[in-house]
Amino acid sequence: MTKLWTLITQLHSLAGPVLTLLYPLYASVVAIESPSKEDDEQWLSYWIIYSFLTLGEMVLQPALEWIPIWYEVKLLLAAWLVLPQFKGAAYLYGKLVRENIRRYATEKEKKEHKQKQVSPKKQQDKKSPTGSKGKKFVDFIIPKKGDQEAY
């Protein structure tokens with residue numbers, strides 16, 4: 001009976017990395033190599049949600065240690081995110097992340113629009129000491145809408 005319990009315990013500790021890392025890594029590579037865009041969205045969404053989950057877990061670890069079934073809950077959540085039958089990662093991304101990104105992007109565009117309406121003299125006063133070189137570097141680093149290439 002002791003050997004069976006040891007086996008179950010070891011399988012349980014292997015399930016987390018397999019479910020949260022190995023299978024998603026494999027599926028992400030397959031998705032990149034496939035012509036379909038739908039699976040790309042699922043796996044990019046998974047890695048975004050998984051990163052948020054991991055960061056939250058790191059911050060809340062002292063509190064989570066007091067929840068005896070946290071590991072099992074995390075495994076169930078990871079299974080829901082990973083399994084293609086549920087497409088949980090794409091669902092959560094669409095409901096939580098995309099809304100906040102769009103809200104942030106809209107606010108940023110409004111601020112940029114207001115800055116463009118500032119008179120040319122005020123804009124000239126706000127120029128950086130590096131002049132147009134600094135602006136060119138920032139424009140190079142931050143892509144504009146429609147500049148992204150499709151692979």
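Model, not experiment: these values are computed from the prediction.
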In R103, R98, R102, the residue satisfying side-chain hydrogen bond (donor to acceptor under 3.5 Å, both in side chains) with N100 is R103

OG (S28) and CD (Q42) are apart, to the nearest 0.5 Å, by 9.0 Å

Can you get from [X] to [Y] by hopping between Ile, Leu, Val, Met, Phe, Trp and Tyr side chains that sit under 4.5 Å apart?
| X | Y | result |
| --- | --- | --- |
| L76 | F52 | no |
| V18 | L81 | no |
| L44 | L22 | no |
| I49 | L83 | yes |
| Y46 | I32 | no |

Exercise: identify the closest heavy-atom pair between [X] and [Y]:
| X | Y | answer |
| --- | --- | --- |
| W43 | Y23 | CH2-CE2, 3.8 Å |
| D39 | S34 | OD2-OG, 2.7 Å |
| K95 | E99 | O-CG, 3.4 Å |
| W47 | L25 | CZ2-N, 3.8 Å |
| D40 | A31 | OD1-O, 2.6 Å |
| L19 | A79 | CD2-N, 3.6 Å |

Would you please test L64 and I67 for side-chain contact (heavy atoms from CB on, under 4.5 Å) and show each step? CA-CA 5 Å; L64 294 174; I67 302 173; 3.9 Å; yes

Applying side-chain contact (heavy atoms from CB on, under 4.5 Å) to Y104 and I101, what does each step give before you reach the verdict? CA-CA 5 Å; Y104 173 75; I101 288 174; 5.7 Å; no

In this structure, are over 12 heavy atoms from other groups packed under 6.0 Å from Y71 atom OH? yes

For a 4.5 angstrom cut-off between non-hydrogen side-chain atoms, does F86 reach Y91? no

L55 vs Y50, side-chain contact (heavy atoms from CB on, under 4.5 Å): CA-CA, chis, key distance, verdict: CA-CA 9 Å; L55 286 171; Y50 180 73; over 6 Å; no

State whether a side-chain donor-acceptor pair under 3.5 Å links E57 with W70.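 E57 vs W70: donor-acceptor pair found between side chains.
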
E41 with K87: basic N within carboxylate O range, under 4.0 Å: no

Checking side-chain contact (heavy atoms from CB on, under 4.5 Å) for the pair L75/W80: CA distance, chi angles, key distance, verdict? CA-CA 9 Å; L75 279 176; W80 180 70; over 6 Å; no

